[in-house]
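This is a predicted model, so every value here is computed, not measured. Indexing begins at 1, ligand by ligand and atom by atom, following the structure's order. For the numbers below, each heavy atom of this structure counts, side chains included, while hydrogens, waters and symmetry mates do not.
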Amino acid sequence: MREQWNTKLGFILAAIGSAVGLGNLWRFPYIAATNGGGAFILPYLFAIITAGIPILILEYTLGKTYKSGAPGAFARINRKFEALGWFQVAISFMIMVYYFAIVVWVICYIGYSFTLAWGDDATSFFVGSVLEATSSADGTGGLNVKLLIPFLIVWAIVAFVMYRGINKGIDMACKICLPVLMLCVIIIVIRGLTLPGAVDGLAYMFTPDWSKIASADVWVAAYGQVFFSLSIAFAIMISYSSYLPEKEDVVNTAFLTACTNHGFEIFAGIGIFSIIGYMAYVQGVGVEDVAAAGVGLAFMVFPTAVSTLPALNALFGLLFFLSLFAAGITSLISIIQAVITGIQDKWEMTHTKATTIVLVPAFFVSFIFITRSGLDYLDFADYIANNFGIVLAGVIEVVLIGWFFKPEKLRAVANLNSNFSIGKWWTWCLKVVTVVVLGYTFISNMTVFFKEGYCGYPMWIGWVCIAFLVLAAIVLTAIKGKPGFYEKPEGAPGYDD
Ligand code: PHE
């Protein structure tokens, strides 16, 4: 028997846990600020309504109806579609191995917060003392032994959760992590808003620059943020929803996931940027001179801001890194589950065996990211996964479903158990709007990559990553699965119906 979520709440929390990740905390505020500020809300809302929610409904419906992770769900629609599922699973594998390293750094910083160990120069501390970074041009630089213990801690937590399975593991982890995350962020927001200079941070994030709205790049950024933030097109949501009972209403759940996720990212952004606004005020510089995203925001700018706070610095450092940890872990387990579901559904095996098959290779590969050149490899893998992987997986998904398999059939299925029906707009969003925007994004990303490369990294590494994704998709599709794998459940719409 396929395991099922014990309660609908378990599923909703897991989906929100996956969606609310580092992308919400460290990516959104900066993307919003640099793409039109308050004016960004317009393309952002448009992207949520035309792509985020429709694809979420699509993926929930696919998982629930075909009762299988991404490879199985696509294979049960049409065997020729299976490779797309594996391509998405391969992307998940790639993201998961480097996401580990980020959670490892976060664990280190939870410890450093107590003494504000980064001192006056958080950047040199991070690059020099924590990562002991050397350039990837000189090889890996050897293992950074300091990171080994935190690395093993993260692995132990993750392995514990994954082996316990959907209800005893993932459900439990989300029920612990999400309240912790909410609480930490609420305190950060209250503290942030009561600081002098907070308004400058918020003005930086929200002042509308309407002139930017005409630029295609801003729209691409909005769609990119919505995709990444909702964890769509990388097998996760299909995998989670495949454990839902058939009668579940997924339409309202999709709206709920999207609203919570995006509401949370705007809320968290307010806290983070008001504290950065305060730092700029203390240092007498402009917010635009200190603002950053990603690794730079989390490990360089924010620790510096924490040190400038008037009181309780260690506590606020701790709250920030605890939020990153809680947000990171629930996303990490979702992406691992996406790979496990894919494998367990295709070949005859127990949950324990599937988990081992995924975790053991991932464990060894993730060592690359705790070598002294780990940051470089991470940066590049992240770039390829996001700019090439997810976008391409998204385009193929909407083209196959929108144009080759009639989405109207899935709309009928989705509406069957839904307390409000989705109209034809859903089909058109998938068929036209997302196909055009994602197609354009893919072409423009590739053009830039081939023209300029990425940050001077050797191109061959990019090719190795791309080759891995494509080869994994071909090989895993080719290996024959158990007979039931290809059979669609009764009542699920077939390709030729
Ligand atoms: N939605 C996640 C985020 O915002 C994306 C993600 C999911 C990344 C799972 C990694 C693993 O961070």
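Of all non-hydrogen atoms in Y60 and A15, the two that sit nearest each other are OH-CB, 3.4 Å.
Salt bridge status for K64 with E248: absent, with no side-chain N to carboxylate O gap under 4.0 Å.
When each of F302, W26, F325 is tested with F320 by the rule ring-ring contact (aromatic ring centres under 6.0 Å, His included), just one qualifies, namely F302.
With respect to atom 2 (C) of ligand 1, the closest heavy atom belonging to the protein is S18 O, 3.4 Å. In terms of protein heavy-atom proximity, atom 8 (C) of ligand 1 is closest to Y99 CE1, 3.5 Å. In terms of protein heavy-atom proximity, atom 5 (C) of ligand 1 is nearest to F228 O, 3.3 Å. The closest protein non-hydrogen atom to atom 12 (O) of ligand 1 is G23 N, 2.9 Å. Among all protein heavy atoms, the one lying closest to atom 9 (C) of ligand 1 is S331 O, 3.2 Å. Nearest non-hydrogen protein atom to atom 7 (C) of ligand 1 is S231 OG, 3.6 Å.
Ligand 1 places these atoms under 4.0 Å from at least one heavy atom of S229: 1 (N), 4 (O). Close contacts of ligand 1 with A19, meaning ligand atoms under 4.0 Å from a residue heavy atom, involve 1 (N), 2 (C), 3 (C), 4 (O).
A perpendicular orientation is assigned to the rings of F388 and F87, their planes being inclined by more than 60° (bins at 30° and 60°). Between F321 and F299, the ring planes are parallel. Angles under 30° get that label, and only those over 60° would be called perpendicular.
Residue contacts with ligand 1: I236 is included, with a non-hydrogen atom under 4.0 Å away.
D379 and Y454 form a side-chain donor-acceptor contact under 3.5 Å, judged by distance and modelled atom types alone. Side-chain atoms of T371 and Y377 form no donor-acceptor pair, as typed in the model, at a separation below 3.5 Å.
Both the backbone and the side chain of N24 come within 4.0 Å of ligand 1, counting heavy atoms alone.
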side-chain hydrogen bond (donor to acceptor under 3.5 Å, both in side chains) between R2 and S68, intermediate numbers included: CA-CA 9 Å; R2 190 179 187 77; S68 187; 5.3 Å; no
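Checked by distance only, ligand 1 and F234 stay at 3.5 Å or farther apart across all their nitrogen or oxygen atoms.
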